[in-house]
Amino acid sequence: MPEVETLVRLLAPRLVGQRLLNVMTTPSRVFRGQQPVIAACLTGQRIQAVERYGKNILLRLDHHRVRIHLGMTGKLLFAPAPATHPRAMLAFEDDLLVFDDIRQFGRLELLPLEEGGPALGEDALAISPAAFTALLRERRGAIKNVLLNQHCLRGMGNIYTDEALYRARIHPQCPSFLVPRRKVAALHVSMRALLQEAIAAGGSSISDYVDTDGQRGSFQNRHEVYGKQGTPCPRCRTAIRRIVVCQRGTHYCPRCQRLPR
DNA sequence: CGGAGCCCCTGTAAGC
DNA sequence: TGCTTACAGGGGCTCC
């Protein structure tokens, strides 16, 4: 999500008010069957707003919205930043924006102006302490699962979930309703601070992520557990461990983050 | 409801 | 130098 927020902050001032002069697409699953109609629908419309909804980027135009999800390797690049797997090219009056996606786990789809699109949980940056506590109390699953589930909470991805749980000293497999009250409060604080710090750093670039000008973020340099298996915990020097939780690589300190009981 | 397993793709790095 | 396997910032599906 910090990567998406970084993109939205770069896109909005540059695109709002510009008219789409031409749209080109190449055959790809990112369009989910809409490829034939996308160019015809969008050409000629003006960008009214660029917003983030969880990890989605929403372009609001005169008569439609466009929902862009970057998946694992999606990029939005302003020419002349180099694209290797261009799926859509949006030609504006003053800019050429390319949706590039190696693995095609991303998507670019047309939505009506009102309604439609996914209904997700509250935004991780905006949720209140009370709502966050209630969410964790009512769920039975592992806390990592709850944080990652976009229908529970929108915006948290794998990197930031591991980092936030580390900061709050919570084991990723701990059932969310069993997390002690004071750790829930600590997690609420650390999660939002972490996301803000990552946004300020332009997001994390592990291998693929770059911003609209092809620039990498720098927050990967401040990861404390993500990808750090085998290296000493910054707090207690115990080796960071990697396990699999809900099919995702999960990194934590076995000493700082204990399962209760 | 929750969790496991598998799938969608391409590229890279590590292991033999 | 090869070939094979594991794994990757996400999410959707079925099955039990």
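Predicted, not measured: the structure shown is a model, and the values here were computed from it. Here is how names work: the chains are called A, B, and so on, in the same order as the sequence lines, proteins then strands, and each is numbered from 1.
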Length of the [atom1]-[atom2] vector between [X] and [N], whole Å:
| X | N | atom1 | atom2 | answer |
| --- | --- | --- | --- | --- |
| A:Arg32 | C:dC13 | CZ | P | 10 Å |
| A:Tyr160 | C:dG9 | OH | C1' | 8 Å |
| A:Gln247 | B:dC8 | CD | P | 16 Å |
| A:Leu148 | B:dA4 | CG | P | 13 Å |
| A:Ile206 | B:dA13 | CD1 | P | 14 Å |
| A:Ile57 | C:dG9 | CD1 | P | 19 Å |
| A:Leu136 | B:dG2 | CG | P | 12 Å |
| A:Lys228 | C:dA8 | NZ | C1' | 16 Å |

Walk me through it: do A:Asp162 and A:Lys144 pass the test salt bridge (charged side-chain N to carboxylate O under 4.0 Å, His left out)? CA-CA 8 Å; A:Asp162 283 4; A:Lys144 170 151 181 170; 2.7 Å; yes
Side-chain heavy-atom pair [X], [Y] within 4.5 angstrom cut-off:
| X | Y | result |
| --- | --- | --- |
| A:Tyr252 | A:Ile170 | no |
| A:Met1 | A:Leu125 | yes |
| A:Asp95 | A:Arg14 | yes |
| A:Asp123 | A:Arg154 | yes |
| A:Phe177 | A:Arg139 | no |

From [options], pick the nucleotide closest to the side chain of [X]?
| X | options | value |
| --- | --- | --- |
| A:Ser207 | B:dG5, C:dA8, C:dG9 | C:dG9 |
| A:Gln104 | B:dT10, C:dA8, B:dG5 | B:dT10 |
| A:Asp208 | C:dG9, C:dG12, C:dC7 | C:dG9 |
| A:Arg29 | C:dG11, B:dC6, B:dC8 | B:dC8 |
| A:Arg140 | C:dG12, B:dG2, C:dG9 | B:dG2 |
| A:Gln150 | C:dG11, C:dG9, B:dC9 | C:dG11 |

Side-chain N or O of [X] closer than 4.0 Å to phosphate OP1/OP2 of [N]:
| X | N | value |
| --- | --- | --- |
| A:Arg216 | C:dG9 | no |
| A:Asn145 | B:dG3 | yes |
| A:Tyr226 | C:dG9 | yes |
| A:His85 | B:dC9 | no |
| A:Arg139 | B:dG2 | yes |
| A:His69 | C:dG11 | yes |

Strictly by Watson-Crick or wobble contacts shorter than 3.5 Å, is anything paired with C:dC15, and which nucleotide is it? B:dG3
Between A:His188 and A:Phe132, what is the ring plane arrangement, given parallel below 30°, perpendicular above 60°, and tilted in between? tilted
Examine the base of C:dG9 for any acceptor or donor lying under 3.5 Å from a partner atom in the side chain of A:Thr73, and report the outcome as yes or no. no
If you look at every strand shown and take non-hydrogen atoms under 4.0 Å, does A:Ile102 touch a base, only sugar-phosphate, or nothing? sugar-phosphate
Does A:Arg242 reach a base, just sugar-phosphate, or nothing at all? Heavy atoms under 4.0 Å. sugar-phosphate
When you compare [N] with [M], how far apart are their [atom1] atoms, in angstrom units rounded to a whole number?
| N | M | atom1 | value |
| --- | --- | --- | --- |
| C:dC7 | B:dG5 | P | 14 Å |
| C:dA6 | B:dC7 | P | 14 Å |
| B:dC6 | C:dT5 | P | 16 Å |

C:dG11 glycosidic conformation (syn if within 90° of 0, otherwise anti) is anti
